[in-house]
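Values below: every heavy atom of this structure, side chains too, minus hydrogens, waters and symmetry copies. Computed from a prediction, not measured in an experiment: that's the story for all the values here.
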Protein chains: 2
Amino acid sequence: VASSDASVPELRQKFGPRASDAPERRGAVARDASHVQGDPRAVVAPRSTEEVAWLVRWARKSKVPLVARGAGTSLDGESAPLRGSVVVDLSGWTEVLEVDPVDRIARVQPGVINFELHRHLSPSGLFFPANPGSWTTCTIGGNVATNASGPRSFRYGPTRNWIRAAEVVLGTGEVVRVGTRAPKRSIGPDLLQLLVGSEGTLGILTEITVALAPRPSRRAALAVAVPAATTLGPVVAHLAPLVSHGLAAIEYLDDRCADALRHEPGAQLPGGGALLLLEVESHDVNDETGRLERLSRILKASGLTEDPVLFPDADRLWTLRGASGTALDRALGERVREDIGVPISRVDELLAEINRIATAHHVVSAVYGHLGEGSLHPNFVVAPGTEEGEAVRGELLAAAVRLGGTISAEHGIGSVKSRWIADQVGAEGVRWLREVKRTCDPDGILNPGKIVD
Amino acid sequence: VASSDASVPELRQKFGPRASDAPERRGAVARDASHVQGDPRAVVAPRSTEEVAWLVRWARKSKVPLVARGAGTSLDGESAPLRGSVVVDLSGWTEVLEVDPVDRIARVQPGVINFELHRHLSPSGLFFPANPGSWTTCTIGGNVATNASGPRSFRYGPTRNWIRAAEVVLGTGEVVRVGTRAPKRSIGPDLLQLLVGSEGTLGILTEITVALAPRPSRRAALAVAVPAATTLGPVVAHLAPLVSHGLAAIEYLDDRCADALRHEPGAQLPGGGALLLLEVESHDVNDETGRLERLSRILKASGLTEDPVLFPDADRLWTLRGASGTALDRALGERVREDIGVPISRVDELLAEINRIATAHHVVSAVYGHLGEGSLHPNFVVAPGTEEGEAVRGELLAAAVRLGGTISAEHGIGSVKSRWIADQVGAEGVRWLREVKRTCDPDGILNPGKIVD
């Protein structure tokens with residue numbers, strides 16, 4: 001993409017102080033939560049769909065790439081701007097435009113923080129089930145753009161299932177409304193579904209309608225010790241049918257991750273070794289008692305015989321679990337942080353592969369993740385972006401694909417994993433991805449270098 | 001598309017007696033369940049993915065359209081073959097290739113009948129939640145191709161949510177495996193999601209991996225009379241949160257549909273007027289009692305004060321309900337049968353619109369459908385395909401779009417509704433549909449004339 005020297009003055013003329021190339025403004029958006037260092041030429045904060053459409057038309061004319069950005073919590077360079085791009089900062093678009101308890105939807109601007117939506121919905125008795133680990137800071141727009149989910153997708157399915165409609169500015173400059181407010185539709189190939197997970201490479205979301213679920217009245221959690229020799233696949237197979245009895249999450253922490261959390265103040269986690277964390281939701285106190293008893297019985301039958309620790313308020317455990325990133329930061333420092341998924345029947349092989357890779361490269365590893373969906377976050381203590389770091393990553397991703405899995409379960413591809421996308425979708429898949437991008441972004445101005453190079 | 005006189009001998013040479021242009025074979029696949037009369041030049045029953053790929057390459061070379069066909073239960077011409085096309089008959093591909101209770105998936109050939117899969121899964125304690133009205137005869141391939149769901153999508157979501165992976169022969173002739181066996185993925189724009197609902201216009205499915213849910217141990221149903229003046233939106237709003245207490249379907253039959261069913265032998269439906277049918281699933285007998293009591297309480301609080309009739313075995317009610325098509329055939333004869341959806345908050349307006357349209361055209365109407373999702377099947381006693389029949393249809397679809405809804409909730413677009421697709425997705429949407437078709441089917445040989453002309 002050619003640079004255009006006139007670009008910043010043009011943006012200033014249109015957006016005034018909402019366009020900036022000041023080093024501190026550019027620096028603030030030059031990275032996401034990955035190691036990728038971007039280098040934008042400017043940042044613009046549009047205030048309306050029309051302004052976003054103007055920006056896209058301007059970008060096509062000027063051949064300057066645009067990178068939409070919410071909170072910048074993406075972990076694989078999804079929102080790290082390529083050199084010379086203009087960042088479209090949507091973090092100020094924080095309005096919840098509508099909550100309709102009859103239609104069970106919320107209509108939001110793309111910069112609404114996941115947690116703020118949760119809080120806003122509290123009086124309605126409804127909630128938005130997608131809860132990525134970064135939910136206190138990440139935006140709904142980013143959730144859609146990466147199909148980011150979290151522990152609760154075990155029960156509720158991925159974010160994709162909860163997106164009803166959107167307004168989007170395509171890379172053509174067209175403003176289109178996709179999806180319907182009506183709960184179900186069968187109207188041919190679905191552009192909304194294509195946009196979910198497209199990481200800002202096809203269009204820029206300017207409004208999102210999400211579906212809502214009835215909020216459980218009680219949510220308890222259990223932490224239970226996992227003996228070293230346990231094979232986890234059969235344990236998950238035993239537990240999974242409890243989804244019909246309120247089971248909402250099956251999380252795993254290996255011994256290293258569990259130990260990092262055990263050092264958190266007031267942790268009260270069962271001592272020694274790996275842990276399973278389980279959430280059970282219920283809709284009244286009678287439900288809850290029966291559900292917890294049933295879960296404890298099945299844990300025992302699965303060979304997890306130590307008494308579980310009960311957290312009557314599940315959020316206390318999830319807040320603790322949410323600290324695992326920073327706890328691992330302290331314990332391990334800089335590292336390759338990954339996000340892969342395999343079928344449940346292959347999780348034990350995957351864990352063995354992770355050990356094998358760590359041993360072969362003489363690096364420390366630590367694994368946690370959403371075991372109930374075979375979605376794991378392996379960490380390897382080796383610098384990302386270095387030859388060895390990326391070699392470790394490549395071996396892990398190859399193992400995931402070999403086991404019938406995915407190179408990303410819930411974070412996306414970004415620029416960090418685009419060199420492996422062909423291993424996932426094949427040469428035909430890459431060809432298709434390039435062609436489908438052209439249907440929405442013929443000039444390739446939206447977030448270039450992501451998903452496919 | 002030009003015809004090719006040499007085509008049938010070429011197909012005979014490759015497929016032997018599995019290729020035929022005999023009038024009775026062509027006649028048997030010339031229609032689906034709609035009024036659309038197709039006119040295929042031949043029928044071929046390939047036996048392998050390689051044979052399907054050969055057919056697609058042959059079709060590109062010969063410029064002969066191909067129309068994939070399962071059971072032919074589609075209602076809008078989705079599988080009715082354009083004049084001169086070759087029907088790819090997949091109804092003999094009936095093998096369930098694998099059921100994995102740990103990964104909770106089934107891998108099936110596209111011609112497996114929905115009900116046969118259900119029966120096959122019985123010992124596993126799992127089930128495939130998509131249950132279109134035609135589930136005793138329709139195929140899984142057709143379910144994917146039209147995103148066909150049914151009553152239970154109120155609880156489980158559309159068919160789309162339960163498709164994990166597929167093998168497909170694209171219109172390019174490429175054989176690609178899309179999706180993953182792993183439960184969740186975020187790997188960019190998702191070709192599998194694009195194929196769901198694409199009605200055989202992008203590729204021909206040769207294998208499908210579906211996700212399975214734990215089968216409830218008990219399923220009861222209630223039928224309750226709906227007084228004439230009831231506004232239904234608020235009733236659904238009251239009932240919908242019971243999804244957390246096992247509510248699995250909220251079905252509606254207006255007085256005319258209910259009366260047609262009341263005449264079925266042994267119906268035992270509450271007397272007079274419209275009906276709601278409700279399914280409640282549970283996982284043991286204690287669940288069930290509490291759930292039915294709660295439901296009855298909320299029905300009363302919603303103003304439905306007559307005692308509901310309990311069907312301890314829900315299937316008895318659904319079998320009866322499944323007879324509504326033939327019951328209406330007897331009661332009403334030939335008619336426009338529609339499938340639209342609106343937000344719950346607009347269902348009463350939609351019902352008023354249906355009455356208004358019927359009155360204006362002096363035709364009898366009858367409505368039933370999946371009220372819990374705002375998905376309704378209006379019937380108008382006027383011949384489909386005639387000027388007046390299509391005028392009635394057009395007014396109905398316009399009303400659905402005006403109310404924030406959809407011109408198809410669960411059947412698809414086919415050729416019957418392609419003239420209204422622009423009203424749903426806009427001119428930009430149509431442009432995008434055409435372009436995306438080219439990414440998969442550059443020569444336009446797959447099921448032309450469907451979804452977009």
Heaviest contributor of heavy-atom pairs below 4.5 Å to chain B, chosen from A:Ala211, A:Gly233, A:Pro214, A:Ala148, is A:Pro214

If you count heavy-atom pairs under 4.5 Å with chain B, which of A:Asp287, A:Val175, A:Asn147 comes out on top?
A:Asn147

Please identify, among A:Val196, A:Asp103, A:Val102, the residue contributing the most non-hydrogen atom pairs under 4.5 Å to chain B.
A:Asp103

Of the backbone (N, CA, C, O) and the side chain (C-beta and beyond), which part of B:Asp284 lies under 4.5 Å from a heavy atom of chain A, both, or neither?
side chain

If you count heavy-atom pairs under 4.5 Å between each of A:Gly412, A:Pro158, A:Gly341 and chain B, which one has the most?
A:Gly412

Considering all heavy atoms of both residues, which atom of A:Ile413 and which atom of B:Gly188 are nearest to each other, and what is their separation?
CG1-N, 4.3 Å

A:Lys184 side chain vs B:Gly150 backbone, donor-acceptor pair below 3.5 Å
yes

CH2 (B:Trp432) and CG (A:Leu170) are apart, to the nearest 0.5 Å, by 9.5 Å

Under 4.5 Å to a heavy atom of chain B? For A:Leu194 that would be both

Decide if atom NE2 of A:His283 counts as having more than 12 heavy atoms of other residues, nucleotides or ligands within a radius under 6.0 Å.
yes

Between CD of B:Glu428 and CZ of A:Arg177, what distance do you get to the nearest 0.5 Å?
12.0 Å

Side chain, backbone, both or neither of B:Glu410 within contact of chain A (heavy atoms, under 4.5 Å):
both

A:Thr159, part contacting chain B, at a heavy-atom distance under 4.5 Å
neither

Ignoring hydrogens and geometry, is there a side-chain-to-backbone donor-acceptor pair from B:Ser186 to A:Thr146 under 3.5 Å?
yes

Engaged part of B:Arg104 at the chain A interface, taking heavy atoms whose separation is under 4.5 Å:
side chain

Which bit of A:Leu191 comes within less than 4.5 Å of chain B, counting heavy atoms only: side chain, backbone, both or neither?
both

Pick one of side chain, backbone, both or neither for B:Ala165, based on which atoms fall under 4.5 Å of a heavy atom in chain A.
neither

Any donor-acceptor pair under 3.5 Å from B:Arg431 side chain to A:Thr439 backbone:
yes

Turns out that what part of A:Val436 lies under 4.5 Å from chain B's heavy atoms comes down to both

